[in-house]
Amino acid sequence: MTCINRRDLGLLVLRVGTGAVLAAHGSQKLAGWFGGGGIEGTTQGMEAMGFHPPKYSAMAAGLGEAGGGVLLALGLATPAAGAAVAGTMAGAVAVHAPAGFFAMGGGYEYPAFLGFTAAAIGLTGAGRYSLDHATHHVFDRPWTLALAFTGSALAAAAVLGRRAKGQAAAAQGDA
């Protein structure tokens with residue numbers, strides 16, 4: 001009989017809790033659940049925040065949160081899930097950064113926390129109580145870790161760079 005491993009049990013709790021929060025946030029964006037705006041409302045929000053094309057940005061944010069959250073909760077393809085969430089949260093941090101750090105004032109505290117938590121889980125691995133473990137880590141290899149985090153960082157940089165260029169051009173047009 002296998003002894004319960006506290007580290008693996010802690011990772012399970014952290015994965016499921018973080019994944020559930022992210023899945024709920026993503027489902028607000030994609031399906032309008034839990035009082036969210038759905039894809040149409042999220043598209044309008046993305047346009048207002050300077051993300052282009054706004055509909056693709058809305059779908060990417062929703063899928064990054066919902067899909068990444070579900071995968072984290074299941075402990076499946078954990079490096080890719082953690083990287084997808086971290087990249088998505090980088091966009092959210094950029095949006096909230098002008099309001100400062102604390103979430104109470106509209107700052108980036110909460111998305112930063114979710115992004116760091118997801119990245120840490122992606123880097124650490126899902127633990128014994130996961131689908132990655134049950135599938136003998138077929139989606140959790142060293143190369144998937146490197147590829148997922150590199151791809152996520154490059155994608156986030158490209159999206160945020162495009163947004164910054166658009167905002168700078170809009171500001172110049174207003175001057």
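Worth knowing before you read on, the calculation uses all heavy atoms, side chains too, and leaves out hydrogens, waters and symmetry mates.
For the pair Thr124/Arg7, a side-chain contact is recorded, criterion being any heavy-atom separation below 4.5 Å from C-beta on. The shortest distance between side-chain heavy atoms of Phe139 and Thr144 does not fall below 4.5 Å. In this structure the side chain of Leu71 never reaches within 4.5 angstrom of the side chain of Thr78, judged on heavy atoms. Leu160 is listed as a side-chain neighbour of Phe51, based on a closest heavy-atom distance under 4.5 Å. Tyr108 is not listed as a side-chain neighbour of Val95, based on a closest heavy-atom distance of 4.5 Å or more. A 4.5 Å side-chain heavy-atom check between Arg163 and His52 finds every atom pair outside the cut-off. Counting heavy atoms from C-beta outward, Thr117 and Ile121 have side chains that approach closer than 4.5 Å. Using a 4.5 Å heavy-atom cutoff, the side chains of Leu22 and Met89 are in contact.
By the criterion of side-chain heavy atoms lying less than 4.5 angstrom apart, applied directly or through intervening Ile, Leu, Val, Met, Phe, Trp or Tyr residues, Val159 is not grouped with Leu154; the two fall into different hydrophobic clusters. Connection of Leu14 to Leu114 is established within a shared hydrophobic cluster, with ILVMFWY side chains joined at heavy-atom distances below 4.5 Å, either directly or through further cluster members. Note on Leu11 and Leu123: separate hydrophobic clusters, where clusters join Ile, Leu, Val, Met, Phe, Trp and Tyr whose side-chain heavy atoms are under 4.5 Å apart, directly or indirectly. Note on Met46 and Met59: separate hydrophobic clusters, where clusters join Ile, Leu, Val, Met, Phe, Trp and Tyr whose side-chain heavy atoms are under 4.5 Å apart, directly or indirectly. No continuous path of ILVMFWY side-chain contacts below 4.5 Å connects Phe113 to Val13, so the two sit in separate hydrophobic clusters.
Here the side chain of Gln28 pairs a donor or acceptor atom with the backbone of Phe34 at under 3.5 angstrom. Between the Ser57 side chain and the Pro53 main chain, a donor and an acceptor come within less than 3.5 Å of each other. A side-chain donor-acceptor contact under 3.5 Å links Arg15 to the backbone of Ala73. In this structure, the side chain of Thr150 does not engage the main chain of Leu147 through any donor-acceptor pair within 3.5 Å. A donor-acceptor pair is defined here as one N or O able to donate and one able to accept, closer than 3.5 Å; such a pair exists between the side chain of Glu65 and the backbone of Gly26. Panel note: side chain His96, backbone Gly106; a donor-acceptor pair is recorded below 3.5 Å. Under the 3.5 Å distance criterion, the side-chain polar atoms of Tyr129 are matched with a main-chain donor or acceptor of Asn5.
Atom CZ of Phe116 sits in a sparse spot, with 12 or fewer heavy atoms from other residues, nucleotides or ligands closer than 6.0 Å.
Taking all atoms of both residues into account, the shortest heavy-atom contact from Ala66 to Leu30 is CB-CD1, 4.0 Å. Here the shortest heavy-atom pairing between Ala81 and Leu76 reads CB-O, 4.4 Å. Considering every non-hydrogen atom in both Ala126 and Gly75, the closest pair reads CB-CA, 3.7 Å. Residues Gly115 and Ala86 approach most closely at O-CB, 3.9 Å, considering heavy atoms. The minimum heavy-atom distance linking Leu145 with Gly122 is given by the pair CD1-O, 3.4 Å. Across all non-hydrogen atoms, the minimal contact from Gly107 to Ala99 is N-CB, 3.9 Å.
The CZ atom of Arg128 sits 10.5 Å away from the CG atom of Leu9 when rounded to the nearest 0.5 Å. Here CG of Asp132 is found 6.5 Å from NE2 of His137. Values are rounded to the nearest 0.5 Å. Distance check, rounded to the nearest 0.5 Å: CD of Glu109 to CZ of Phe101 gives 4.5 Å.
Here Tyr110 and His25 bring their ring centres to under 6.0 angstrom of each other.
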> Should Thr88 and Val85 be marked as a side chain to side chain contact (heavy atoms under 4.5 Å, CB included) after you check the CA-CA gap, both sets of side-chain angles, and the distance that decides it?
Replying inline: CA-CA 5 Å; Thr88 302; Val85 170; 5.6 Å; no
